[in-house]
Engineer: 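Okay, handing you the structure first.
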Amino acid sequence: MKLTLKLTTYSKLVLLIIGICSLFLLLFISLYLYTVQQEKDVFKANSDQYRTEVNRLFDFNSKTQIVTINDLTYWDALVNFTKSKDTTWFNRYIVNEFPTYEVDYIGVYNLNKKFIVNTSKSNFKSKDFVPSQAMMHLYRTKFSRFYMRVPEGVVEVFGGTIHASNDPKKVKTKPSGYMFMARLLDQKYFKNLEDISSSKIQLLDKVDMDTIGNKKVTSVVKLRNADNMVVAKLLFERPSHLNFEKTKELLLIIVIVTLISLIAAVHYSRKWVYKPLKLVTTILESDREISISLLKKEPGEFGYIGNLFEDHRKNRFQLEKSKEKAEESDKLKSTFLANLSHEIRTPMNAIIGFSDLLMDDKLSDELKNKYLKIINTSGKSLVSIIEDLIEMSKIDAKQIAPKFKGLNIEKCLNELYNTLKVTIPDDKNIKFYQLENCVKLPNDVLTDEIKLKQVIVNLLTNAIKFTDSGHVAFGYSICPNNNYLEFRVEDTGIGIGKKDLKVIFDRFRRVEDDYSISLSGLGLGLSISKAYVEMLGGEITVESVFGGGSVFKFTIPLCYDETVHEENDSVPEIAYNESESKTILVAEDDNINFLLLKTILEKKNHIVLRAKNGQEVVDMSASDSNIDLIFMDIKMPVLDGYEAFEMIKKDNPDRIVIAQTAHSSGEVKESIMKAGFSGYITKPLDKEKIFELINQVFQNKAIC
């Protein structure tokens, strides 16, 4: 104590530092020895636990396929299939469900080990690859899981013997055949296995060690074939997350830092505290970007504060930008609504104005016919505008989904050509033709016919509208890799300016020039076309030069329809005299709509009855056996059209019922025909289509 009192403050501080350093040195040596031993123990326990975990997860990864093949292989229909080899049944019940089985291949063999049929993904070409030894083993075990090599790589194979449903344990009866599922050990397989095991996995031919190095825990899973021979090995690796090396380094750093901390304290307190606070003050006062950048480079909380300042600055900039965009969007919407008001008022003005002129009794028949044609044309324009708005609303609400069916592309394009060529105005000097395609499609293509036609019609209609002379042509080609079809619509019209090419497919946008202003329409056709093309899985592009014409291109995936269509015997037509008067019941709650349909039907001398609600049409159908045909409005009070139709058909299955609806979408039409109606008409009513539909239903009794 007395010696301590005699020492200077500096000496006391040096003595204190030496004492503290000595204590830290002893503590470091002790901790170092303890760390070395702990490292060995923990790494061993980690490795053992990891091997157990890998084996469980590896088996778990195949659980779904095991359950699936066990469920499928005691199925009476599958037993019958091994005898009948009915590929139609296989396609319907196995191929259609194939995507849900999470495998790349399904194959069926008979009891004599002869290959029957298979289905697989496009990247899996092997068909009959299961060795007979595997089937011999499967005959004894009823279920097997093994691995083998095929040209596509290593596959995991699940096999099961096929039994009737009354033998779920497969012990009562002799197998009827063998079913095998296989999945390729590809990138997707490894990615899934890596995700659930939190490991990196490698497929190796030879691995002699279960552990590699001391920085990772590893495990090797041997993949054996049906003869229990190793065909490949999977190496699982995961970082051991043992931070003992860091601990050792930290202990050394603590000692070093302790020795220099007193010397550096004043220097770093100025660097780490004073300087950052100075930057914060500068930022608050001037909001300088360079000060924020310097503050972000500071360690610890000050760097985080710098990030907050930068985020705040970016958010403020983004808000200003969003405000500008919102104002621009509001302006665009206002312009669109003004255009919409103009486009709706234009045909409405014609309808109301010329309807008023028709009330003049002194009008000549020639003027009356002229005014009626104008009213009819304006009405169709108004319907077209409303349908575009409704279609765009459905697209935005995601209420439209593609209906993929087989389509003959050549026939489809020929029909469009024959339909559109007669619509070209006589005053336009346009050559309208199809582009030649050297390579023809060998089969129908799976796509949505309605949406594909709508896209082509929209593009061709625009091309004809904006072309006064030259040519308009369209066609398709098969892309070199055969993955998709490319459709092309080209014209020699006025073209599109460079600035307008960027927004040509946007909503609320329309190219405004002297030519386009003179034409009617909202400009939603290209937006709808773009949405349809994307629904079909393709892309749409445009190349154009102002004054030099345009070329629109879009693609759809090339997927052939492999469905087997059964040939139906032709149904003989029933003779029908068009002049014959029929008793027709019209179910319509709206007086004007009824009056219009009644007037149209009476032109052919039909007797027209009326029901104002769904219950009334059911009662009249049951009580009056003289009714030959019912026009059923889908939307009615008391009972809607579907409910009334179901009750009528229950009482009189042969009653002919035609649906009438104000909805023109493909989904509504499909639901009407699916319900069993003999046909349908859409509003606004077209008398020629009504007469044609009546002739068809009385000749054939049904519209297919």
Side-chain angles (χ1 to χ4, degrees), residues 373 376-377 380-381 383-385 387-388 407-441 445 447-479 485-497 500-501 504-505 510-511 513-530 532-533 536 538 540-556 686 688-689:
K373 288 180 180 179
N376 183 267
T377 302
K380 291 179 179 178
S381 297
V383 170
S384 175
I385 291 170
E387 286 182 346
D388 279 352
L407 175 64
N408 187 319
I409 297 295
E410 294 286 345
K411 182 180 178 182
C412 173
L413 296 186
N414 288 334
E415 290 176 354
L416 290 177
Y417 171 76
N418 293 327
T419 301
L420 290 174
K421 70 178 180 180
V422 298
T423 66
I424 300 176
D426 296 333
D427 59 344
K428 292 197 174 191
N429 184 22
I430 298 176
K431 184 179 180 182
F432 183 53
Y433 60 90
Q434 294 189 64
L435 299 171
E436 290 294 332
N437 182 25
C438 299
V439 182
K440 302 298 182 182
L441 293 169
V445 175
T447 189
D448 188 315
E449 178 181 2
I450 294 175
K451 291 177 176 55
L452 178 62
K453 283 185 174 180
Q454 187 64 48
V455 173
I456 299 175
V457 168
N458 285 349
L459 296 178
L460 287 173
T461 302
N462 277 352
I464 294 170
K465 183 189 297 184
F466 292 101
T467 302
D468 289 330
S469 63
H471 74 270
V472 173
F474 70 104
Y476 76 95
S477 61
I478 303 174
C479 293
L485 293 178
E486 181 180 83
F487 292 84
R488 178 187 181 97
V489 176
E490 61 180 51
D491 64 70
T492 57
I494 62 172
I496 305 168
D500 294 320
L501 284 175
I504 194 71
F505 295 108
R510 187 184 178 197
V511 177
D513 54 35
D514 294 338
Y515 190 91
S516 62
I517 289 174
S518 66
L519 300 173
S520 63
L522 293 175
L524 289 177
L526 289 179
S527 298
I528 294 173
S529 298
K530 181 176 183 292
Y532 280 171
V533 169
L536 298 178
I540 185 168
T541 58
V542 59
E543 299 173 3
S544 183
V545 177
F546 187 73
S550 304
V551 177
F552 284 83
K553 299 177 184 178
F554 70 92
T555 61
I556 62 171
D686 185 322
E688 297 302 329
K689 290 183 178 179

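Given the structure is predicted, the values throughout are model-derived calculations rather than measurements.
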Engineer: Go through the steps for L526 and L459 under the test side chain to side chain contact (heavy atoms under 4.5 Å, CB included), then give the verdict.
Structural biologist: CA-CA 8 Å; L526 289 179; L459 296 178; 3.6 Å; yes
Engineer: Okay, side chain of K431, backbone of S469: is any donor-acceptor separation there less than 3.5 Å?
Structural biologist: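 Checked: no pair found.
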Engineer: Applying salt bridge (Lys or Arg N to Asp or Glu O under 4.0 Å), name anything that partners E449, two or more places apart in sequence or on another chain.
Structural biologist: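 If we apply the salt bridge (Lys or Arg N to Asp or Glu O under 4.0 Å) test to E449, skipping adjacent residues, the hits are K453.
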Engineer: Mind listing the closest non-hydrogen atom pair of V551 and E490 along with its distance?
Structural biologist: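 Smallest heavy-atom distance, with atoms named: CG2-CB, 3.8 Å.
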Engineer: Can you tell if the side chain of Y433 reaches within under 4.5 Å of the side chain of V472, non-hydrogen atoms only?
Structural biologist: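 Not in contact.
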Engineer: Hey, could you give me the CD1/NZ distance between I456 and K451, rounded to the nearest 0.5 Å?
Structural biologist: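 If I round to the nearest 0.5 Å, the distance is 14.0 Å.
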Engineer: Considering residues at least two apart in sequence or located in another chain, which fulfil the side-chain hydrogen bond (donor to acceptor under 3.5 Å, both in side chains) criterion with S550?
Structural biologist: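 Here the qualifying residues are S544.
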Engineer: Could you check whether atom NZ of K411 has more than 12 heavy atoms from other residues, nucleotides or ligands sitting under 6.0 Å from it?
Structural biologist: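 No, not enclosed.
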Engineer: If every non-hydrogen atom of P425 is compared with every non-hydrogen atom of I464, which pair is closest and at what distance?
Structural biologist: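 For P425 and I464, the tightest heavy-atom pair comes out as CD-CG2, 4.3 Å.
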Engineer: Does some side-chain heavy atom of N429 sit less than 4.5 Å from a side-chain heavy atom of D468?
Structural biologist: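 No, their side chains stay 4.5 Å or more apart.
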Engineer: Rounded to the nearest 0.5 Å, how far does CD1 of I504 lie from NZ of K530?
Structural biologist: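 Atom-to-atom, K530:NZ and I504:CD1 are 12.5 Å apart.
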Engineer: Does K421, at its NZ atom, have more than 12 non-hydrogen atoms belonging to other residues, nucleotides or ligands within less than 6.0 Å?
Structural biologist: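 Correct, the count exceeds 12.
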Engineer: Applying the side chain to side chain contact (heavy atoms under 4.5 Å, CB included) criterion to L485, which one of T447, I409, N437, T555 satisfies it?
Structural biologist: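 Of the listed residues T447, I409, N437, T555, the side chain to side chain contact (heavy atoms under 4.5 Å, CB included) partner of L485 is I409.
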Engineer: Do you see a donor-acceptor pair shorter than 3.5 Å between the side chains of Y476 and Q434?
Structural biologist: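 The answer is no; no qualifying pair exists.
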Engineer: Tell me every residue that passes side-chain hydrogen bond (donor to acceptor under 3.5 Å, both in side chains) with E543, counting only those two or more places apart in sequence or in another chain.
Structural biologist: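 For E543, no residue satisfies side-chain hydrogen bond (donor to acceptor under 3.5 Å, both in side chains) once neighbours in sequence are set aside.
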Engineer: With a 6.0 Å cut-off on ring centres, are F432 and F474 close enough?
Structural biologist: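 Yes, the ring centres sit under 6.0 Å apart.
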Engineer: With F554, which residues qualify under ring-ring contact (aromatic ring centres under 6.0 Å, His included), at least two apart?
Structural biologist: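 With sequence neighbours excluded, F554 shows a ring-ring contact (aromatic ring centres under 6.0 Å, His included) to F487, given in chain and number order.
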Engineer: Are more than 12 heavy atoms from other residues, nucleotides or ligands located less than 6.0 Å from atom CG of D426?
Structural biologist: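 Atom CG in D426 is not crowded, with 12 or fewer foreign heavy atoms closer than 6.0 Å.
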Engineer: Quick check for you: to the nearest 0.5 Å, what is the distance between E415 atom CD and L420 atom CG?
Structural biologist: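 CG of L420 is found 11.5 Å from CD of E415.
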Engineer: Quickly, which of V445, V533, L407 forms a side chain to side chain contact (heavy atoms under 4.5 Å, CB included) with L452? Name it, please.
Structural biologist: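 It is L407; the other options fail the test.
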Engineer: On a heavy-atom basis, which atom in A473 and which in L435 lie closest, and how many Å separate them?
Structural biologist: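 Answer, listing the atom of A473 first, then L435: CB-CD2, 3.7 Å.
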Engineer: Are E486 and R488 ion-paired here, with the side-chain N under 4.0 Å from a carboxylate O?
Structural biologist: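 Salt bridge between E486 and R488, a charged N being under 4.0 Å from a carboxylate O: no.
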Engineer: Restricting to side-chain hydrogen bond (donor to acceptor under 3.5 Å, both in side chains), what partner residues turn up for S529, sequence neighbours left out?
Structural biologist: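 Checked S529 against side-chain hydrogen bond (donor to acceptor under 3.5 Å, both in side chains); matches are N458.
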Engineer: N462: which residues meet the side-chain hydrogen bond (donor to acceptor under 3.5 Å, both in side chains) condition with it, sequence neighbours left out?
Structural biologist: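 Partners of N462 under the side-chain hydrogen bond (donor to acceptor under 3.5 Å, both in side chains) test: none.
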Engineer: Would you compute the distance between atom CD1 of I556 and atom CD1 of I540 and round it to the nearest 0.5 angstrom?
Structural biologist: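 Spacing of CD1 (I556) from CD1 (I540) equals 12.5 Å.
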Engineer: If you round to the nearest 0.5 Å, how far is OG1 of T461 from NZ of K465?
Structural biologist: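 Here the interatomic distance stands at 7.5 Å.
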